[in-house]
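Just so it is clear: chains get the letters A, B, ... in the order the sequence lines come, proteins before strands, and each one is counted from 1. Only this structure's heavy atoms are used, side chains among them; waters, hydrogens and symmetry mates stay out. Just so it is clear, the model here is predicted, and its values are computed rather than measured.
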4 protein chains.
Amino acid sequence: MESKQVPSSIKNRALVEKRREEMIRGAVTLFREKGFHKTTTREIAKASGFSIGTLYEYIRTKEDVLFLVCDSIYEQVNERMKQVVDASIPGETSLEEAVRAYFHLMDDLQEEVIVLYQEVKALPKEAKSYILEKEQEMVVMLEEVLSHSLPGAPPGRISIIANNVFVEGQMWGFRRWILQRSFSLEEYIDHQVSLLLEGVSTHR
Amino acid sequence: MESKQVPSSIKNRALVEKRREEMIRGAVTLFREKGFHKTTTREIAKASGFSIGTLYEYIRTKEDVLFLVCDSIYEQVNERMKQVVDASIPGETSLEEAVRAYFHLMDDLQEEVIVLYQEVKALPKEAKSYILEKEQEMVVMLEEVLSHSLPGAPPGRISIIANNVFVEGQMWGFRRWILQRSFSLEEYIDHQVSLLLEGVSTHR
Amino acid sequence: MESKQVPSSIKNRALVEKRREEMIRGAVTLFREKGFHKTTTREIAKASGFSIGTLYEYIRTKEDVLFLVCDSIYEQVNERMKQVVDASIPGETSLEEAVRAYFHLMDDLQEEVIVLYQEVKALPKEAKSYILEKEQEMVVMLEEVLSHSLPGAPPGRISIIANNVFVEGQMWGFRRWILQRSFSLEEYIDHQVSLLLEGVSTHR
Amino acid sequence: MESKQVPSSIKNRALVEKRREEMIRGAVTLFREKGFHKTTTREIAKASGFSIGTLYEYIRTKEDVLFLVCDSIYEQVNERMKQVVDASIPGETSLEEAVRAYFHLMDDLQEEVIVLYQEVKALPKEAKSYILEKEQEMVVMLEEVLSHSLPGAPPGRISIIANNVFVEGQMWGFRRWILQRSFSLEEYIDHQVSLLLEGVSTHR
DNA sequence: AATGAATGAGAGTTCATTCAT
DNA sequence: CATGAATGAACTCTCATTCAT
């Protein structure tokens, strides 16, 4: 799937898939720890379990690694989110359920989402657009769920709510140093859901 | 003020202040365009109007420039936000007014906020903590305003709302490519205020 | 024939011969286009129609390819020149005829001769000597023809004339960008023959 | 003069000139010994007496070094040849004198000319054209001298003679392993002049 | 106080060669 | 015999930082 975007000089497709998975696993950890720019290609190779020469058989440039990492993360996020959306029966599955599922997902993939969040901007132009499109797919999925549950709401409003929820989900990860000090995931979700549905006026 | 954090070999305090302002002005633009890592110290020197040698009379490392930039931005943000808060009379100035003022501020300082947003993580540990504290001051100010207007709300809830508002303000800048395509600033603020106060249930 | 100089791990002699011919054909084109140093072994393998692994069954090092190419070219040049010389009957075949035949040969093998000309120096010492000997054989053949036609001339003079003719033949190829703009092959040969025989004094 | 072609980040023009001269001196020797491709930039820096970092303050790429070397050689060659031509009084200075001067020049600059001869092709396209133009200037100078001495000769013939002389001069250097074994410079020149003027027919 | 030439560690990338299958 | 994945030494080039002037 990624092979369409990033060419490799290795012919064996299955092997490419396998090696790239190893690579992504290694790179995510490194990027999370030190950021993309401070991670060297040699470190990536080592963390992936192969030599620098082998690394470059599977990518063309260091930025390709970043792209593969970002792409893979959104692939996971969208995949799992799609399951939630598809399982939802319009009119029956509540907005609340979907939002809760999304927040749980963001909790599961915290590390990955932080990388995504902080490093996408380092991608070369074209690759960045591609990834931002995938991000947008994510937001669109949220919009769909929202419009099922709020049939009368104007699309502009739906869009803003979707963006809010999207960012609040990510916020749980990238502002963890403040949020996760004071709240459990469930508490955080409860608050956000309550705010979403009723605004500040209500408080329990 | 910054001189406390970043030593300079120049004695003349006023001069240090002046040169650093030039430096920050130049650096913000560059960081916005190409990011911290892809900006060289030579470019910063040039954009600041002095030589590389002179640049290093006023800082110790490249990261000092980033620190000065981040610090200066929060200085401005907090300064202006403080004015809003101080002008507000508890019980009279409404939550809505304060939030609107904050969103306008985020619109004014868009470029700067994006830099802040994307590059803080590149700061060395200690400097990062220092800047994150300033960020937290900002959030605390929002919390204060909120607790004035929502006297009965529990502090945890206040904190989450403050974080939400904080991030939604920044979102106007860093998700501009999607938001500013569909909404004027006023429309965006109207929606956010309405959502904040009443939740999704209401719509016009 | 080449197998004496460059060992191969393949036993089947005929196969070695065949594969090496494919290899030389591919390599000449590449060397002509981008030079020896900028051509990779992978490219040579591809142009030859087999894998990099197979390539290395028929040679030991990249320089072996260059050697085989150079050797093969001189083999052709000398072979064809020998036919001319052998066909010449001392005293009957004129100097002019032989020189004309040589220039035509240089025109036919232009591409190959340019490669020879530009890349021989990249050969390792021993291989270079071997090739330069073959080059010298070529010059010696010219000397023989010349001494038949100029029986009274001292050998030193013969040698210089042979070198001149040798280089003028190659010049038609490697200075083509200037010569072939102004002259057809026949015009060029006519001029050179006239100059050779009579010097500058005469002009038509 | 070269500064127009190859930008340097050093501002002091005189210094650039000086350092580049050191660089060229070092590089010529290395290129002569091992060729352009087998010489590393670190070796060039070392031979020039400065660090790798400093080297790159005066050039952009390794190929720039080659260009500067080639340019400088032709600068010298053309400069010195111009003196000969300018000193010649049309009608008085004989063809012979000019050709002799040229051969002596080629003897003096043997090493440099061999480098030129073998490495020009490694230059990037544009730089190559520029250097070939300078080479052509050299040939044109020879043509001028020739046309003064051979007023009745057709231009095509003049051009070929100039090319012959040009290449025969270089030949003294790049075929030294055979020519300089058998001839002193003066003997070589005597033969060439005699052949040029009278052709093969005459011999002393 | 200001300048800019000098430095060299270190980064990304290539590619000839090997060897298990 | 043929293949192509794996290797790592070696290369070019960058850039933060220093220091003599």
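Residue C:Ile52 is in base contact, counting any heavy-atom pair closer than 4.0 Å across all strands shown. No engagement by B:Ser9 is indicated, since no non-hydrogen atom pair under 4.0 Å with the nucleic acid exists. Within 4.0 Å of A:Thr54, counting heavy atoms only, lies at least one base atom of the nucleic acid.
Atom-to-atom, CG of A:Leu15 to P of F:dA5 comes out at 7 Å; the value is rounded to the nearest Å. Counting to the nearest Å, the C1' atom of E:dA11 and the CG atom of A:Leu66 are 17 Å from each other. Remark: P of F:dT12 and NZ of D:Lys38 are 14 Å apart, rounded to the nearest angstrom. In this structure, CD1 of B:Ile59 is placed 16 Å from P of E:dA1, rounded to the nearest angstrom. Between the P atom of F:dT7 and the NZ atom of A:Lys46 lies a distance of 14 Å, rounded to the nearest Å. Summarising the geometry, the separation between CD on D:Glu43 and C1' on F:dT12 is reported as 13 Å, rounded to the nearest angstrom. Going from atom CD1 of D:Ile44 over to atom C1' of F:dC11 covers 12 Å, rounded to whole Å. Counting to the nearest Å, the P atom of F:dT12 and the CG atom of D:Asp64 are 13 Å from each other.
Both tests pass for C:Lys62 against the ring of C:Phe36: distance under 6.0 Å to the centre and angle within 45° of the axis.
Two rings, from B:Tyr74 and B:Tyr130, have their centers 6.0 Å or more apart. Aromatic rings of A:Tyr117 and B:Tyr117 (six-membered ring for Trp) have centroids within the 6.0 Å cut-off, being under it.
Nucleotide E:dG12 is matched to F:dC11 when pairs are restricted to Watson-Crick or G-U wobble geometry with both distances under 3.5 angstrom. The base-pairing partner of E:dA1, taking Watson-Crick or G-U wobble contacts with both distances under 3.5 Å, does not exist among the strands shown. Pairing of E:dT21, defined by two Watson-Crick or G-U wobble distances under 3.5 Å, is identified with F:dA2.
No N or O donor and acceptor, one from the side chain of D:Arg13 and one from the base of E:dG4, sit under 3.5 Å apart. Residue-to-nucleotide contacts include a donor-acceptor pair under 3.5 Å from the side chain of A:Arg42 to the base of E:dT13.
Phosphate contact (OP1/OP2 of F:dA2, side-chain N/O of C:Arg19, threshold under 4.0 Å): present. At the phosphate of E:dA2, neither OP1 nor OP2 sits under 4.0 Å from any side-chain N or O atom of B:Tyr56. Contact annotation: C:Thr41 side-chain N/O to E:dA16 OP1/OP2 distance is under 4.0 Å. Listed pair B:Asn12 / E:dA1 fails the phosphate criterion, with no side-chain N or O lying under 4.0 Å from OP1 or OP2.
Between B:Tyr58 and B:Phe50, the ring planes are tilted. Angles from 30° to 60° get that label.
Contact check for B:Leu132 versus B:Glu135: side-chain heavy atoms found under the 4.5 Å cut-off.
Nearer the 5' end of DNA chain F, as judged by each residue's closest nucleotide, is the contact made by A:Phe50, out of A:Phe50 and D:Lys62. Where C:Leu55 and D:Thr61 each meet DNA chain F at their nearest nucleotide, the meeting point lying more 5' is that of C:Leu55. Heavy-atom distances to DNA chain E give each of D:Gly53 and A:Arg60 a nearest nucleotide, and the one nearer the 5′ end belongs to D:Gly53.
Checking F:dT14, F:dT3, E:dA16 against the side-chain heavy atoms of C:Thr40 singles out E:dA16 as nearest. Comparing E:dT3, E:dA1, E:dC15 by their nearest atom to the side chain of A:Glu57 picks out E:dC15. Listed candidates were E:dA1, E:dT13, E:dA5. Nearest to the side chain of B:Lys11 is E:dA1.
Residues B:Arg32 and B:Glu112 are not paired through a salt bridge, judged by the lack of any N-O separation under 4.0 Å between the basic side chain and the carboxylate.
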